[in-house]
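Read through the structure below, which is laid out as structure tokens, and then see the notes.
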Amino acid sequence: MGDNPDFRQHGDRIPGVAGGVVGRVNDLSYEEKRERLEELAPEELAEIEAGDEEDEHDLPSLPNAAEHEEIRMRCAPNPNGPWHVGHARMPAVIGTYRDRYDGWFCVRFDDTDPETKRPDLDAYDAILEDLEYLGFEPDEIYRASDRLETYYDHARELIELGGAYTCSCPGEEFSELKNAGEPCPHRDKDSETVLAEFEEMIDGEYESGELVLRVKTDIEHKNPALRDWVAFRMIDTPHPREEASEYRCWPMLDFQSGVDDHLLGITHIVRGIDLQDSAKRQRFVYDYFDWEYPEVVHWGHVQIDAYDVKVSTSTIAALIEEGELDGWDDPSAPTLSSLRRRGIRGEAIVDAMVELGTSTSDVDLAMSAVYANNRELIDDDTDRRFLVREGNQLPLGGSPPDEANPPLHPDHESRGVREIPVGDAVLLEPDDVPAREERVWLKGLGCFQYTRDTLQYTGEDIDVVRDGDVDVVHWVPARESVPVRMRTMDGDVSGRAEPAVAELEADEVVQFERVGFARVDRHEDDETVAYYAHP
RNA sequence: GCUCCGAUAGUGUAGUCCGGCCAAUCAUAUUGCCCUCUCGAGGCAAUGACCGGGGUUCAAAUCCCCGUCGGAGCACCA
């Protein structure tokens, strides 16, 4: 139409004409379409078929991936506690990219604040365990607190390049100058003085707040967030790691992370929008050193539905401290260790995180998506068992069989059947107790009518269920069942299970029929403890 | 106040760069039906979205402008 403006007045007929053609094309088989396209436009076909491979990935391609010999990424957690569900996003995404590009990723603990974000010594290993649970093994592990000398060396070099200055302005005063776009009096110091003062910082000759090293950026930059930011500051509190406890002069994230990303050969940085300006800040350092900045992907925050507690390490820690939660793996804690204890596979979480993509807007993760993934992973392998929660006891009459033999898995009869002794009374969940004179089908056992306070065995065959007149319910023998405490997100539920549950291996995941999936946690003297996963 | 981002069904996502049956993809969710000795699994179906307003154009989810809403940074936190 650009070539033939005369056609424009007939533009509204395009849908009619194109529609017919599209209709005819849609009627062709896949092979016919492919053949026809090969005749008309082989290069288009090639593009489409390349695209087909692309479509198998849930994540968008990494920017300029082809230009790098090896895709190298890092996961840079602050070890201030075990991971919550939201933390799974980073390993899920970069681990998925690593597999896709045959790349590399490391875990680098950015533990450079011994005070405000004080590292928790147990968290280093806890995080690595969480990572293993998710199914990833890092190619390398680093701790920033091992690398202080490297950061100092680069700071010295930066000072010699005239890219940094020591500054003793109180924070508030500097902030005012900065917001006005005015340099502070320390900005023009010669580099010998700066270097000497920086060495004194390293030697611990200043106290917290007395002197910082700033990167000289552009004091009039239109974005105030980028103006002369702090690279090193003094911290009086010793680092909890023995190896790092003597250091007092600590780099800020933007300096440490910027230097490390270069030294580790990181090609792609994935991080949250809270660090949107980090790349812009770090670029000033990169420019001084004449380094090339990695590609950056930013994503928004993840909210997770289904949890009452706020998903943040410090909030969870506080709730544990107050006794609101039993620990990091309490069933209602939004942590990875909790999901693991509930029998949810790390893979289910990873898949859900990958499905979220890498959009810069904030996203909500629906736990139902994780549950759906997990159900798909485990359903086929999971044996069925009966658990009756807060059961009502009902005597049996009419000489029912001594033993019931429901299958371990309805879709796999070859796995065999369970052997559940019946006895002279059963427990039913309150909602399942039939009305007077009504019938109910006890799964794997038979049909019963509720008459004169007893369940009378009627001996009818399964057709009564197929006719739709009789509800099918789960049950346990009143006497030979075993006590179970099932821990759920909404609190503990007591119940009784078929006897074999007392013999299950810890860690086995079962489906309590009509209740949901749960993981057997342990057997205590008087009860079995299970953790509920999901319906 | 200054500076950056972003906005497609309940949720997430594809499409946006390069406008053209996009009366919009897929998954999940919810509901109904079929199947099943589970409320699980499987099958089928329904529900449900381009933030608003202008502009450009024969044609706008897509490009431009203005709003609105949301997020982020302006830390000696990460």
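Proteins get letters first, then strands, A, B, ... in listed order; numbering begins at 1 in each.
- In this structure the side chain of Tyr124(A) reaches within 4.5 angstrom of the side chain of Arg143(A), judged on heavy atoms.
- Cation-pi geometry between Arg418(A) and Phe386(A) is met: under 6.0 angstrom from the ring centre, within 45 degrees of the axis.
- Atom P of rC26(B) sits at a distance of 14 Å from the matching atom of rG15(B), rounded to the whole Å.
- Residue Gln276(A) is classed as a base contact, given a heavy-atom separation below 4.0 Å to a base.
- Closest to the side chain of Ala225(A), out of rG73(B), rC5(B), rC37(B), is rG73(B).
- Comparing rA9(B) with rG55(B), their P atoms sit 25 Å apart, to the nearest whole Å.
- The C1' atoms of rG12(B) and rA49(B) are separated by 13 Å, rounded to the nearest whole Å.
- Between Glu513(A) and Lys443(A) a salt bridge is recorded (basic side-chain N to carboxylate O distance below 4.0 Å).
- The one candidate from Arg214(A), Arg281(A), Arg271(A), Lys280(A) that meets the salt bridge (Lys or Arg N to Asp or Glu O under 4.0 Å) condition with Asp254(A) is Arg281(A).
- Pro410(A) comes within contact range of at least one nucleobase, with a heavy-atom separation under 4.0 Å.
- The separation of rA27(B) from rU47(B), taken at their C1' atoms, amounts to 16 Å, rounded to a whole angstrom.
- Gly444(A) comes within 4.0 angstrom of a nucleotide base, judged by non-hydrogen atoms across all strands.
- A donor N or O paired with an acceptor N or O is found under 3.5 Å between the base of rG40(B) and the side-chain atoms of Asp411(A).
- Cys249(A) comes within contact range of no nucleotide atom at all, as no heavy-atom separation falls under 4.0 Å.
- Using atom C1' as the reference point in both rA60(B) and rG52(B), the two lie 16 Å apart (nearest Å).
- The side-chain heavy atoms of Pro77(A) and Arg108(A), taken from C-beta on, include no pair separated by under 4.5 Å.
- Glu220(A) has no carboxylate O lying under 4.0 Å from a charged side-chain N of Arg227(A), or vice versa, which leaves the two without a salt bridge.
- Only the P atoms considered, rG43(B) is 24 Å distant from rA24(B), to the nearest whole Å.
- Looking only at distances, a side-chain donor or acceptor of Arg100(A) sits under 3.5 Å from a matching main-chain atom of Leu59(A).
- The side chain of Arg375(A) has rG40(B) as its nearest neighbour among rA78(B), rC37(B), rG40(B).
- With rA29(B), rC77(B), rU13(B) as the candidates, the nucleotide lying closest to the side chain of Val363(A) is rU13(B).
- Distance from the side chain of Trp441(A) is smallest to rC37(B) among rA29(B), rA41(B), rC37(B).
- Within the nucleic acid shown, Asp274(A) comes within 4.0 Å of at least one base atom, counting heavy atoms only.
- Contact annotation for Thr112(A): backbone-only contact, meaning every heavy-atom pair under 4.0 Å involves sugar-phosphate atoms and none involves a base.
- Taking atom C1' in both rG48(B) and rU30(B), the straight-line distance is 10 Å, to the nearest Å.
- A sub-4.0 Å separation between OP1 or OP2 of rG40(B) and a side-chain N or O of Thr382(A) is absent.
- Aromatic ring centres of Tyr165(A) and His186(A) lie farther apart than the 6.0 Å criterion allows.
- At the heavy-atom level, Ser359(A) lies under 4.0 Å from the strands shown only through sugar-phosphate atoms.
- Considering only side-chain atoms of Ala366(A), the nucleotide from rU11(B), rA78(B), rU38(B) that sits closest is rU11(B).
- Within the 4.0 Å cut-off from OP1 or OP2 of rA78(B), at least one side-chain nitrogen or oxygen of Arg233(A) is found.
- The distance from atom CD of Glu413(A) to atom P of rU36(B) is 13 Å, rounded to the nearest whole Å.
- The phosphate of rA75(B) has OP1 or OP2 within less than 4.0 Å of a side-chain N or O from Ser175(A).
- Looking at heavy-atom distances under 4.0 Å, Leu275(A) makes contact with a base.
- Applying the 3.5 Å distance criterion, the base of rU38(B) shares a donor-acceptor pair with the side chain of Arg384(A).
- Closest to the side chain of Ile273(A), from the set rG71(B), rG12(B), rA29(B), is rG71(B).
- Using a 4.0 Å heavy-atom distance criterion, Leu253(A) is classed as a base contact.
- The gap from the P atom of rU62(B) to that of rC66(B) amounts to 16 Å, rounded to the nearest Å.
- Out of rU38(B), rA41(B), rU36(B), the shortest distance to the side chain of Arg466(A) is found at rU36(B).
- Side-chain proximity of Val212(A) to rG40(B), rA78(B), rC76(B): nearest is rC76(B).
- Applying the 3.5 Å distance criterion, the base of rC77(B) shares a donor-acceptor pair with the side chain of Lys117(A).
- Using a 4.0 Å heavy-atom cutoff across all strands shown, Phe517(A) reaches sugar-phosphate atoms only and no base atom.
- Side chain Gln511(A) to base rU38(B): a donor-acceptor pair is found below 3.5 Å.
- Listed nucleotides: rC39(B), rA41(B), rA7(B). Nearest to the side chain of Asp379(A): rA41(B).
- For the OP1/OP2 pair of rC4(B) and a distance below 4.0 Å, the side-chain nitrogens and oxygens of Lys222(A) include at least one atom meeting the criterion.
- Side-chain proximity of Asp364(A) to rA75(B), rU11(B), rC74(B): nearest is rU11(B).
- Considering only side-chain N and O atoms, Lys178(A) lies under 4.0 angstrom from the phosphate OP1 or OP2 of rA75(B).
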